[in-house]
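In each ligand, atom 1 is the first atom listed, and ligand 1 is the first ligand listed.
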Amino acid sequence: MSVNQRYDVIVAGVGGMGSAACAALARRGKRVLGLERFDIPHAMGSSHGVNRIIRLAYYEDPSYVPLLRRSYELWRELETGFSEQLLFITGSIDASDRDVELVRDSLKSCEIHNLPHEILTSTQLRERFPAYHLPENHLALFQPDGGFLASERCIVANVVTAFEAGAQIHAREVVQSWQTTANGVRVETDLGFYEAEQLVISAGAWAGKLVPELATLAKPERQVLAWLQPDQPELFCPDRFPVFNLTVEEGRYYGFPIYSVPGFKVGRYHHLGEEVDPDEIEREPNAADEGVLREFAGRYFPGSNGPTMALKACMFTNSPDEHFIIDRHPAAPNVLLVSPCSGHGFKFCSVIGEIVADLAITGATRHDISLFKLSRFASTTSLFAASH
Ligand SMILES: Cc1cc2nc3c(=O)[nH]c(=O)nc-3n(C[C@H](O)[C@H](O)[C@H](O)COP(=O)(O)OP(=O)(O)OC[C@H]3O[C@@H](n4cnc5c(N)ncnc54)[C@H](O)[C@@H]3O)c2cc1C
C-alpha cells in the first residue's frame with residue numbers, strides 16, 4: 001500500500017463547512033488536502049439551492065450571536081478577496097403568534113446582545129412590506145442586519161481562496177475509510193491513500209457513514225425548496241422583502257426575496273418529516289412536496305404562488321437537540337468532527353472554518369463552542385467506547 005502524499009490536515013467533504021475549513025487552514029500556512037466525492041459545488045448535499053438565510057436575531061439560542069457577528073466579518077472578508085458579492089442584506093423577519101416561542105426567543109437574543117430591532121403587528125408589517133399577509137394575532141420582529149448568502153458561490157469562493165493559499169482540492173474522489181496511525185491519520189479513497197497529522201470530517205449528511213458512531217446523532221432528513229413566480233414580482237425584490245422565519249398553524253417556514261431564480265423561494269422546516277439515507281434519498285421533488293409549499297405561499301403571501309420556477313430536494317442533518325456538533329472524535333483526538341448543523345448551519349460556515357483552523361493549529365479556540373460538545377449527549381460515552 002503506497003501513500004500518495006502526506007499533509008498537515010485532510011478535510012473529508014468540501015461543501016459548506018469543509019470549503020471554509022480548507023480556506024482557513026491553508027491561509028494559516030497548513031498543507032491541506034480537501035477531498036470531495038461530488039463536484040465543486042454540487043446539488044447532492046445540504047448547501048445547494050442558490051442561497052441561505054443569515055440573521056443576527058437568533059431564536060435558536062442567544063449564545064450563537066457572538067459567532068454570528070464573527071461570521072458576518074469573515075463573509076465580508078471572503079467576498080472582498082473574491083471580488084464578488086456573497087452576502088446580501090435585506091433585513092430579517094421572525095414572526096409567530098404572539099404566544100409562540102419564535103418571536104419571544106428572537107426578541108430575547110436581541111435584548112441580550114443589544115441588537116437593533118422593531119416589533120411590528122401584522123398590519124404594520126403589511127404596510128411596510130406589502131407581500132406579507134400574516135394573521136392578526138401574529139407579531140413580527142424585524143432585525144435590519146438579516147439577509148442571505150449566495151451559498152453555492154460561497155463554496156466556490158472558499159475553494160478558490162484555499163487554492164490561492166496552496167491547498168489541494170480533489171473533487172470526484174470518495175473517502176472510503178480512515179484510521180489513526182502512530183503519527184496521524186491514514187485516509188483511503190477510491191483513488192488512493194493519503195496521510196496527515198489531522199483529519200477534519202465535514203461530510204454533512206454522510207457524517208454517519210464515515211463515523212458510524214454519529215449515525216444516531218446526525219440524522220439526514222429530506223427537505224424541499226420551491227421557487228414560485230409571484231404576480232407582483234416587485235413586492236418580492238430584495239429591497240422590499242426581508243428574509244423570514246415564520247411559525248404559523250401549518251408549521252415553521254422560511255423564505256427569501258427573488259434572487260437568481262425568477263421566483264419567491266420558500267421552504268418548510270422538517271418538510272414532510274422524512275429521515276433518509278443520503279445515498280438513497282428521493283431527489284426528484286413531487287406534487288406532494290410542491291403542494292405543501294404552494295399552499296403556505298398562497299395563504300400568507302397572496303399572489304405569490306404562480307407558476308413554478310424551480311423545485312429542489314436537499315438534506316438537513318439533525319442532531320437530537322438541533323445544536324451543532326463540533327468536537328474531537330472521543331477515541332481519535334486528531335480527528336475533528338464538524339457536522340451536523342441541523343438545518344441552520346450555513347451562515348456559520350465562515351466562523352466554523354476559523355474554529356477548525358484554531359483547533360487544528362493551536363488545539364483551542366477563542367470562540368465559545370461549549371454548546372456543540374459531543375459530551376452533552378448521554379449516549380456519547382457508550383457510542384464511542386469501543387471505537388478506533
Ligand atoms: C433546504 C435547506 C435549507 C437551509 N436553509 C438554511 C438557511 O437559510 N440558513 C442557514 O444558515 N442554514 C440553512 N440550512 C442548513 C445549511 O445549509 C447546512 O447546515 C450546511 O449547508 C451544511 O454544510 P455541510 O458542509 O455540513 O454540508 P454539505 O455542504 O452538504 O457538505 C458536505 C460535503 O461532504 C461531501 N462528502 C460526504 N461524504 C464524503 C466522502 N465519503 N468523501 C468525500 N466527500 C464526501 C459531500 O459530497 C458534501 O459536499 C439549510 C439546509 C437545507 C437542506
Ligand 1 and [X], any nitrogen or oxygen pair closer than 3.5 angstrom?
X      : value
His42  : yes
Gly343 : yes
Ala12  : no

Please check if the side chain of [X] supplies one atom and the backbone of [Y] the other of a donor-acceptor pair under 3.5 Å.
X      : Y      : value
Ser122 : Pro135 : yes
Tyr253 : Val248 : no
Asp190 : Val174 : yes
His344 : Glu322 : yes
His138 : Thr247 : yes

Provide, to 0.1 Å, the distance between [atom] and the closest protein heavy atom, together with that atom's residue and name.
atom                    : value
atom 53 (C) of ligand 1 : Cys314 SG, 3.0 Å
atom 5 (N) of ligand 1  : Arg52 CD, 3.3 Å
atom 52 (C) of ligand 1 : Phe316 CE2, 3.4 Å
atom 40 (C) of ligand 1 : Val175 N, 3.7 Å
atom 21 (O) of ligand 1 : Ser47 OG, 2.7 Å
atom 19 (O) of ligand 1 : Gly345 N, 3.2 Å
atom 47 (O) of ligand 1 : Glu36 OE2, 2.6 Å
atom 9 (N) of ligand 1  : Ile53 O, 2.9 Å

Heavy-atom side-chain proximity of [X] to [Y] below 4.5 angstrom:
X      : Y      : result
Ile325 : Phe377 : yes
Pro116 : Gln143 : yes
Leu228 : Thr308 : yes
Asn183 : Arg6   : yes
Leu68  : Asp145 : no
Tyr58  : Ser63  : no

Can you sort out which atoms of ligand 1 are near [X], meaning under 4.0 Å from one of its heavy atoms?
X      : answer
Gly45  : 30 (O)
Cys341 : 19 (O)
Phe38  : 47 (O)
Lys347 : 9 (N), 10 (C), 11 (O)

Measure from [atom] to every heavy atom in [options] and give the option owning the shortest one.
atom                    : options                        : answer
atom 1 (C) of ligand 1  : Phe324, Tyr254, Tyr269, Phe256 : Tyr254
atom 39 (C) of ligand 1 : Glu152, Met17, Arg37           : Arg37
atom 30 (O) of ligand 1 : Gly204, Gly15, Ser342, Ser46   : Ser46

- Query: Are Glu173 and ligand 1 in contact, using a heavy-atom cut-off of under 4.0 Å?
  - Reply: yes
- Could you tell me if any non-hydrogen atom of Ser202 lies under 4.0 Å from any atom of ligand 1? yes
- Note on the structure: From the list Glu79, Gln85, Glu84, side chain to side chain donor-acceptor pair (under 3.5 Å) partner of Arg153 resolves to Glu84
- Note on the structure: From the list Trp227, Phe241, Tyr132, Phe296, ring-ring contact (aromatic ring centres under 6.0 Å, His included) with Phe264 holds only for Phe241
- Mind checking whether Met44 contacts ligand 1 via backbone (N, CA, C, O), side chain (CB onward), both or neither, at a 4.0 Å heavy-atom cut-off? neither
- Taking heavy atoms and a distance under 4.0 Å, where does Phe346 meet ligand 1: side chain, backbone, both or neither? both
